[in-house]
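Working notes, structure below.
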Number of protein chains: 2
Amino acid sequence: MMAPDDVHPVSLRCGDCPIRHRAVCARCESDELEQLEEIKYYRSFEAGQTVVWSGDKMDFVASVVSGIATLTQTMEDGRTQMVGLLLPSDFVGRPGRECAAYNVTATTDLMMCCFRKKPFEDMMGRTPHIAQRLLEMTLDELDAAREWMLLLGRKTAREKIASLLSIIARRDAAVQMRAAHGRMTFDLPLTREAMADYLGLTLETVSRQMSALKRDGVIELEGKRHVTVPDMDRLMEEAGDDSDGGFLV
Amino acid sequence: MMAPDDVHPVSLRCGDCPIRHRAVCARCESDELEQLEEIKYYRSFEAGQTVVWSGDKMDFVASVVSGIATLTQTMEDGRTQMVGLLLPSDFVGRPGRECAAYNVTATTDLMMCCFRKKPFEDMMGRTPHIAQRLLEMTLDELDAAREWMLLLGRKTAREKIASLLSIIARRDAAVQMRAAHGRMTFDLPLTREAMADYLGLTLETVSRQMSALKRDGVIELEGKRHVTVPDMDRLMEEAGDDSDGGFLV
DNA sequence: TGGCTTTCTTGATTTGTGTCAATTTCTGTT
DNA sequence: AACAGAAATTGACACAAATCAAGAAAGCCA
């Protein structure tokens with residue numbers, strides 16, 4: 001899921017930025033990082049605010065510093081589908097593209113570290129490693145999107161919920177550098193409605209299935225958002241999922 | 001959907017290969033094309049044959065020369081979801097990845113032009129334009145996958161069918177360099193079962209909705225596979241889709 | 001041409017999820 | 001502590017799509 005440092009370059013801090021930008025390759029030497037420093041700026045958003053609308057001109061690329069943002073697609077009649085979840089260090093934006101392809105919305109208070117697109121692209125042209133790093137990240141996202149297609153097209157509501165919970169649990173484990181086995185505890189970063197938009201369900205169905213998983217002892221709930229999974233293997237079985245979980249992370 | 005030549009480099013023929021490889025950038029001069037020539041070879045498959053299994057080692061990248069291949073994901077119990085459709089000139093394979101992420105299957109007789117992965121990667125390292133071209137293609141695929149997520153998660157069976165038909169019609173138009181308006185005619189390259197796997201439906205539902213669209217005059221059918229659309233705008237309305245159709249192409 | 005298989009269509013019935021509506025629980029504010 | 005608004009739960013019912021089951025049409029090969 002994530003290669004160790006000696007196998008492949010990983011993200012790097014640039015200047016005073018509190019996060020490691022996954023788009024920036026550790027093999028690229030300080031010259032490039034100093035260039036980044038010059039073209040970067042910060043923007044913050046309140047929970048619920050829209051970062052960009054689908055189709056709008058987007059003259060920057062960015063990393064999430066803190067908070068959570070979602071990528072959503074919407075139909076004219078209001079049906080919406082979440083197509084991606086942005087967590088700290090995640091990258092957003094398309095070098096070589098004028099316009100945003102999705103709505104980007106802050107679901108919590110959000111801080112982003114932005115780079116003006118043109119100079120960023122110029123740097124990419126001069127720095128093959130960054131282009132390759134970005135290609136690799138995009139391929140990861142593509143894999144994640146396609147795994148999600150299987151979920152959306154073929155899984156039952158219960159399996160969908162179990163899949164989402166297991167992904168969030170494993171991402172949490174990864175952040176804390178722990179293995180994702182046995183008993184685990186975490187907070188849901190999403191409302192029931194956001195979960196529904198992610199899974200292609202209604203919020204009522206999400207709620208019902210959460211209750212069912214609780215009733216069946218697959219999860220325990222403390223309040224609405226704090227989840228503990230007594231047995232991760234059981235949960236992953238419920239998810240109907242043999243994958244190692246390279247999901248939308 | 002596809003930028004004109006003067007805006008961005010497009011695909012190019014290399015040597016005797018009958019197709020334009022979309023992965024190869026026209027800005028890259030003949031040196032690189034000659035290098036490609038040295039590392040390329042052809043493989044052919046019969047309809048129904050598997051090109052690679054998910055998880056298998058895949059030591060090449062390739063372009064489709066002729067025929068159609070599908071990318072599918074499968075669950076242990078056999079539920080399958082198609083996650084991509086490969087048409088002539090489409091690229092498959094992941095520079096920087098060891099293993100295939102999906103099953104690749106020939107749905108018709110298939111000819112592929114393959115490049116051994118290592119030398120291809122080396123060339124990418126030396127030729128920034130190719131890496132950038134590949135990044136752009138991958139971003140296109142990502143957009144397509146995400147548009148498909150909206151379809152899988154939120155569209156009705158009828159809308160799904162209409163979407164698929166309109167995509168195929170528009171791709172056909174693009175290949176023949178015609179506008180996709182008014183009356184259009186094309187052959188379905190997929191069985192009802194493949195359509196179902198693509199759309200997250202059963203083949204019975206696909207059949208029923210095809211009949212319904214026919215009954216309602218949205219499409220005309222001659223045999224099972226030959227479709228004519230009297231009015232493309234009507235079809236796109238049925239698809240519930242305001243997009244300009246940058247789909248899995 | 002005739003049989004054979006595969007692909008597709010159509011019907012009857014079941015089931016999972018959506019819809020609508022009422023209530024409860026949580027969270028933040030004064 | 002009490003209230004207000006948001007978020008979540010639960011129930012009753014409706015409906016779209018799945019499932020089960022025949023049968024028809026198309027393609028293929030002898």
Side-chain angles (χ1 to χ4, degrees), chain A residues 46-48 68 70 75 77-81 107-109 151-165 187-216 219-227 238 240, chain B residues 46-48 68 70 75 77-81 107-109 151-165 187-216 219-227 238 240:
Chain A
E46 286 171 27
I68 291 172
T70 60
M75 294 171 69
D77 61 7
R79 282 177 278 177
T80 80
Q81 175 66 50
T107 53
T108 64
D109 287 347
L151 175 143
L152 290 171
R154 294 302 186 194
K155 289 191 179 178
T156 64
R158 174 184 260 244
E159 288 170 333
K160 286 177 175 182
I161 300 284
S163 298
L164 180 59
L165 292 176
D187 282 303
L188 276 174
L190 302 171
T191 65
R192 297 288 189 266
E193 187 180 20
M195 291 172 71
D197 282 343
Y198 212 176
L199 301 170
L201 299 170
T202 59
L203 85 176
E204 292 95 330
T205 299
V206 170
S207 183
R208 269 186 256 277
Q209 295 298 336
M210 289 287 288
S211 301
L213 289 173
K214 181 181 168 188
R215 172 172 42 71
D216 300 344
I219 60 172
E220 294 156 21
L221 281 172
E222 203 175 327
K224 316 287 173 151
R225 298 291 196 89
H226 193 77
V227 179
E238 291 280 353
Chain B
E46 286 171 28
I68 292 171
T70 59
M75 295 173 67
D77 61 8
R79 280 177 281 177
T80 79
Q81 175 66 50
T107 53
T108 65
D109 288 346
L151 175 144
L152 291 171
R154 294 302 186 196
K155 289 192 180 179
T156 64
R158 173 184 262 243
E159 288 170 333
K160 286 178 175 181
I161 300 283
S163 297
L164 180 59
L165 292 177
D187 282 303
L188 276 174
L190 302 171
T191 64
R192 298 289 188 265
E193 188 180 20
M195 290 173 71
D197 282 343
Y198 212 176
L199 300 171
L201 299 169
T202 59
L203 83 176
E204 292 96 329
T205 299
V206 170
S207 184
R208 268 187 255 277
Q209 295 298 337
M210 288 288 286
S211 301
L213 289 173
K214 182 180 166 190
R215 171 171 44 69
D216 299 344
I219 60 173
E220 293 156 21
L221 281 172
E222 203 175 329
K224 297 355 172 102
R225 297 292 195 88
H226 193 77
V227 180
E238 290 282 352

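We name chains A, B, ... by the order of the sequence lines, and we start the count at 1 in each one.
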Q: Provide the start and end nucleotides, 5' to 3', of the part of DNA chain C that has atoms under 4.0 Å from heavy atoms of chain B.
A: C:dC8 to C:dA12
Q. What pairs with B:Thr202 under side chain to side chain contact (heavy atoms under 4.5 Å, CB included), at least two apart in sequence or on another chain?
A. B:Glu204, B:Thr205
(Q) With a 3.5 Å distance limit and no angle check, can you tell me whether A:Glu222 reaches the backbone of A:Val227 through a side-chain donor-acceptor pair? (A) no
Q | Those residues that, when tested against B:Glu193, pass side chain to side chain donor-acceptor pair (under 3.5 Å) (two or more places apart) | A | none
(Q) Among residues at least two apart in sequence or on other chains, which ones pass salt bridge (Lys or Arg N to Asp or Glu O under 4.0 Å) with B:Asp109? (A) none
Atom pairs, protein N/O to nucleotides 2-6 of chain D N/O, distance under 3.5 Å:
none

**Q.** CG-OG1 distance between A:Leu190 and A:Thr70, expressed to the nearest 0.5 angstrom
**A.** 8.5 Å
Q. Does B:Lys224 have any side chain to side chain contact (heavy atoms under 4.5 Å, CB included) partners at least two apart in sequence or in another chain, and if so, which?
A. B:Arg192
Q) Judged by atom type as modelled, is there a donor-acceptor pair below 3.5 Å linking the side chain of B:Arg158 to the main-chain atoms of B:Met210? A) no
Q | For A:Asp187, all residues meeting side chain to side chain donor-acceptor pair (under 3.5 Å), sequence neighbours excluded | A | A:His226
Q) When we call it a touch if two heavy atoms are under 4.0 Å apart, what does A:Ser207 touch: a base, just sugar-phosphate, or nothing? A) base
Q) Between atom CE of B:Met195 and atom CG of B:Leu164, what is the distance when rounded to the nearest 0.5 Å? A) 5.0 Å
Q. Taking only residues two or more places apart in sequence or in another chain, which ones pass side chain to side chain donor-acceptor pair (under 3.5 Å) with B:Thr80?
A. B:Asp197
(Q) Applying side chain to side chain donor-acceptor pair (under 3.5 Å), can you list everything that pairs with B:Glu159, at least two apart in sequence or on another chain? (A) A:Arg79, B:Thr156
(Q) Based on the rotation axes of five pairs at each end, what angle does the helix from C:dT1-D:dA30 to C:dT30-D:dA1 bend through, to 10°? (A) 40°
Q: Identify the heavy atoms of A:Leu152 and B:Gly153 that sit nearest to each other, and give their distance.
A: CD2-CA, 4.2 Å
Q: Remember a base hit wins even if backbone is also touched, and classify B:Thr191 as base, sugar-phosphate or nothing at under 4.0 Å, heavy atoms.
A: sugar-phosphate
Q. Rounded to whole angstrom units, what separation is found between the CZ atom of A:Arg225 and the P atom of D:dA7?
A. 9 Å
(Q) Return a single string for nucleotides 13-30 of chain D, one symbol per nucleotide in 5' to 3' order, where B is base contact, S is sugar-phosphate-only contact and - is none, cutoff 4.0 angstrom on heavy atoms. (A) ----SSBB-----S----
Q. Just how far is it from atom CD of A:Glu238 to atom CD of A:Gln209, taken to the nearest 0.5 Å?
A. 10.0 Å
